[in-house]
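Once you've had a glance at the structure underneath, I'll fire off some questions.
Model, not experiment: these values are computed from the prediction. All residue numbers in this chain count up from 1 along the given sequence. Whatever order the structure lists them in is the order used to number ligands and atoms, beginning at 1.
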Amino acid sequence: MRHVAVIGSGPAGYYTAEGCVKQFAGPDGGGVRVDIIDRLPVPYGLIRTGVAPDHQSIKAVARRYEATALSDHVRFVGNVTIGTDVSIAELLDLYDAVVLATGAPADRPLGVPGDDLPGVIGSAAFVGWYNGHPDFADLHPPLDGPAVVVGAGNVALDVARILAKTGDEFAGSDIVNHALDHLDTGQHERVTILARRGPHQIAMTPKELGELGHLSRAVPVVDPADLPPIDADAALDPGLRKSVAHLRGFAGVPADKPITVAFDFYAMPVAIEGAGHVERVIVERTAVDADGRATGTGETYAIPARLVVSCIGYRTPPIEGVPYDARLGRFANDEGRIAPGLYAVGWARRGPTGTIGTNRPDGFLIADHIAADTSDSDKAGRAGLDRLLAERGVEVVTFRDWQRIEQAEIAAARTGAPREKFVAVGEMLAAKARAAL
Ligand code: NAP
């Protein structure tokens, strides 16, 4: 029997569990017990609190994780915080393998003067706010003036689209009520997307970019002068070529709806200014060199802003005692191996890139490593963890408990919405307690 603890119940965590079940649960596998530990009482990590609420088809992948969660070999151990309730060293004693699937939930700082002014928010916080993450439920971002979104990736697109949609356009989504109400009364007539390089260097994918062209109260606008000669598009790979075709479609379009989503290319934020709150972003024009690098031209201008959301990537928070690569913002690892018995998977292993599906081969790779590095053992595994947590008075949330919490969320949904999420850990635990009566 292999005893495996996976820390984090997002895509990388569940794919690791699925990989371990495939690897060890068959007739010749020797057996496996996987405990998926999460600090929240609810599972699925980025699927629940990262993927945009109006992208329900992407969120549907959670059903696949549910199949894994309901397997006899896998258990969800929610409401347990590593470092507070149990340490990595203790888990390494109890389990044959400990896999860090903690994602990259911390914002990379912009690193310009004024980036700590009120009104400057990282995308992890902003996305967490509209997705009901307990850490960001009270964010209440300022929406009483223009917004600036920094970055040219899909998170920037998510943020701009959420800022641009009407309440009606969230029908069928699970955006939380506090965000829906606040967005609906917002007075942000302009959302500027700042891209430090050009249209040929964006990291936005075609489907997501195309959505921006079909919003009822917002129009995306690109300055035709920013577009490279059309012949140059032929050299791009097909996905990027399609994205650039969308940008060409947005060029020169009249800004005839209440909200303008303006793409500002070759534009790098160099400072954020304001008296006690963000009032403007100082931007430097860039030029992109032959190697694709952006360099400042010295020409600067100001963009008025009440809200700045930086969507420039994420970092994995370090865990005491675990080797960490501060430059890359993730655990130091060799193909997922950190130290004997200790592994990293998903964004915690390779950084914040790729789609949800990229985590599947990642998780299966770790299961292969565990097969190669460990053998059947008589470690205490889950019985040992239960003993420790009971001694410490930790209220564990099981998958069955989560299903009860989920039922309560479904029952509380707005008409047409799949659920209304609880946005506080206390509310989640109270729903669990009510359902158990
Ligand atoms: P990303 O794709 O890496 O994009 C980050 C953007 O930030 C890049 O345009 C980058 O520009 C820019 N940037 C970085 N540092 C900057 C700085 N100091 N100043 C200005 N700009 C800066 O990251 P992401 O948007 O956070 O997305 C993370 C991953 O999740 C991606 O793989 C993404 O595709 C995925 N995702 C997918 C979906 C979806 O499929 N619907 C939705 C959301 C996220 P440079 O290129 O110049 O470095």
Can you figure out which of Arg161, Glu211, Glu208 has its heavy atom closest to atom 40 (O) of ligand 1? Glu208
Sub-4.0 Å protein heavy atom next to atom 23 (O) of ligand 1: no
Kindly confirm or rule out an N or O of Gly151 lying under 3.5 angstrom from an N or O of ligand 1. no
With Leu157 as partner, the option from Leu209, Val261, Ile162 fulfilling side-chain contact (heavy atoms from CB on, under 4.5 Å) is Leu209
Please say whether Tyr314 places an N or O atom under 3.5 Å from an N or O atom belonging to ligand 1. no
Least distance between heavy atoms, Trp129 atom then His140 atom: NE1-N, 3.7 Å
State whether any protein heavy atom lies less than 4.0 Å from atom 30 (O) of ligand 1.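 So atom 30 (O) of ligand 1 has protein heavy-atom neighbours under 4.0 Å.
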Counting heavy atoms only, which of Gly313, Ala267, Ala152, Gly351 is nearest atom 9 (O) of ligand 1?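 Ranked by closest heavy atom to atom 9 (O) of ligand 1, first place is Ala152.
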Give the ring-plane orientation class for Phe250 versus Phe263, where under 30° counts as parallel, over 60° as perpendicular and anything between as tilted. parallel
Can you sort out the partners of Tyr130 under ring-ring contact (aromatic ring centres under 6.0 Å, His included), two or more places apart, ordered by chain and number? Phe126
Nearest non-hydrogen protein atom, atom 32 (O) of ligand 1: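 For atom 32 (O) of ligand 1, the nearest protein heavy atom is Gly354 N, 2.8 Å.
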For atom 27 (O) of ligand 1, grab the closest protein heavy atom and report residue, atom and distance to one decimal in Å. Val155 CG2, 3.6 Å
Atom 34 (O) of ligand 1 has as its nearest protein heavy atom Asn154 ND2, 3.1 Å
Contacting atoms of ligand 1, where contact means under 4.0 angstrom from a heavy atom of Arg108: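 Those of ligand 1 that fall under 4.0 Å from Arg108 are 14 (C), 15 (N).
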Side chains of residues 338-346: which donor-acceptor partners sit under 3.5 Å, not counting sequence neighbours?
{"residue": "Tyr343", "atom": "OH", "partner": "Asp373", "partner atom": "OD2", "Å": "2.8"}

Using modelled atom types and a 3.5 Å cut-off, is there a donor and acceptor pairing between side-chain atoms of Thr260 and backbone atoms of Ala262?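 No: the side chain of Thr260 does not pair with the backbone of Ala262.
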Nearest protein heavy-atom contact for atom 5 (C) of ligand 1: which residue, which atom, what distance?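 That would be Cys311 O, 3.9 Å.
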Heteroatom distance test (Thr205, ligand 1): nitrogen or oxygen, under 3.5 angstrom: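 No, since none of the N or O atoms of Thr205 sits under 3.5 Å from an N or O of ligand 1.
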Which heavy atom of the protein is the closest neighbour of atom 46 (O) of ligand 1, given with residue, atom name and distance? Arg197 NH2, 2.8 Å
